Amino acid sequence: MVTLDTSIIIRAPIEQCFDAARNIRLHPVTVWKHTKEKAVAGVTDGFIECGQTVTFEATHFGVRQKLTSEVTAYKRPIYFTDEMQSGAFRSMTHQHFFSSIDHEYTQMKDVLIFEAHFGVLGKMAERWVLESYMKRFLEHRNKRLKEWLEKEDAY
């Protein structure tokens, strides 16, 4: 099992950062373009709420795949958690935390916990490939969210 932590400071109010992170329409434009990610089931537009699911289809490592997640914990604008219901991993939990800094900035922190299938081979893949891949994926998405939120006309 791998636990990844990322953090970024964004010049935007906490409520805007929270909503941007759960905005299904915004998600595909903030991830890597080559994954061609799109929401195909569940909530496919707007803001996802507690108890709702979304299924994303994307290409990773040359394979088109689907991942369905459910928002299982939610306290606006402080945190939400989504957990994989089905997909390429044995398990995946993504926790999103938001802290206001002087009402002008927000610290956005992600904790991603995942485990690959396939026993020992999966553990090797976690450490040699998936850990750095998923960290880069999160950091890219957070940087794109920051850029989007810090534009003057973001909301």
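Residue numbers run from 1 in the order of the sequence given. Just so you know, these numbers come straight off a predicted model, no measurement behind them.
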Note, V71 side chain near Q52 side chain (heavy atom, < 4.5 Å):
no
For A39 and V54 the tightest heavy-atom approach is CB-CG2, 4.0 Å
So, T44 side chain and A41 main chain: donor-acceptor pair closer than 3.5 Å or not?
no
Closest approach of V129 to S132 (non-hydrogen atoms, all atoms of both residues):
O-OG, 3.4 Å
Heavy-atom closest pair, residues P28 and R25
CD-O, 3.4 Å
Under a 3.5 Å distance rule, please check whether K66 uses its side chain to pair with a backbone N or O of S86 as donor and acceptor.
no
To check you understand the geometry: which heavy-atom pair defines the closest contact between I9 and K146, and what is its length?
O-NZ, 2.6 Å
Could you list the donor-acceptor pairs under 3.5 angstrom formed by side chains in residues 57-64, with sequence neighbours left out?
residue: E57; atom: OE1; partner: R64; partner atom: NE; Å: 3.4
residue: E57; atom: OE1; partner: R64; partner atom: NH2; Å: 3.4
residue: T59; atom: OG1; partner: R64; partner atom: NH1; Å: 3.0
residue: H60; atom: ND1; partner: Y133; partner atom: OH; Å: 2.5
residue: R64; atom: NH1; partner: T35; partner atom: O; Å: 3.0
residue: R64; atom: NH1; partner: K36; partner atom: O; Å: 3.1
residue: R64; atom: NH2; partner: K36; partner atom: O; Å: 2.9

Can you see whether S69 engages Q85 through a side-chain donor-acceptor pair at a distance of less than 3.5 angstrom?
no
Give me the atom names and distance for the closest heavy-atom approach of A20 to R141.
O-NH2, 4.2 Å
Specify the closest pair of heavy atoms between L145 and A21, including all atoms of both residues, with the distance to one decimal.
CD1-CA, 4.3 Å
Do any side-chain atoms of residues 72-82 form donor-acceptor pairs under 3.5 angstrom with protein atoms, and if so which ones, sequence neighbours left out?
residue: T72; atom: OG1; partner: E83; partner atom: OE2; Å: 2.8
residue: Y74; atom: OH; partner: R22; partner atom: NH1; Å: 3.4
residue: Y74; atom: OH; partner: E49; partner atom: OE1; Å: 3.1
residue: R76; atom: NE; partner: D19; partner atom: OD1; Å: 3.2
residue: R76; atom: NH2; partner: D19; partner atom: OD1; Å: 3.3
residue: R76; atom: NH2; partner: D19; partner atom: OD2; Å: 2.6
residue: D82; atom: OD2; partner: H96; partner atom: NE2; Å: 2.7

Would you please name every residue forming a side chain to side chain donor-acceptor pair (under 3.5 Å) with S100, sequence neighbours left out?
none
Residues passing the side chain to side chain donor-acceptor pair (under 3.5 Å) test with R90, sequence neighbours excluded, are none
Taking only residues two or more places apart in sequence, or in another chain, which ones meet H140 in a side-chain contact (heavy atoms from CB on, under 4.5 Å)?
W32, R144
Counterpart residues, side-chain contact (heavy atoms from CB on, under 4.5 Å), relative to T53 (two or more places apart)
T68, E70
Look at the side-chain heavy atoms of Ile, Leu, Val, Met, Phe, Trp and Tyr, link any pair under 4.5 Å apart, and say whether F89 and F118 land in one connected group.
yes
Passing option when M108 is tested against F97, F98, F18 for side-chain contact (heavy atoms from CB on, under 4.5 Å)
F98
Counting neighbours of NZ on K109 that are heavy atoms of other residues, nucleotides or ligands and sit closer than 6.0 Å, is the number greater than 12?
no
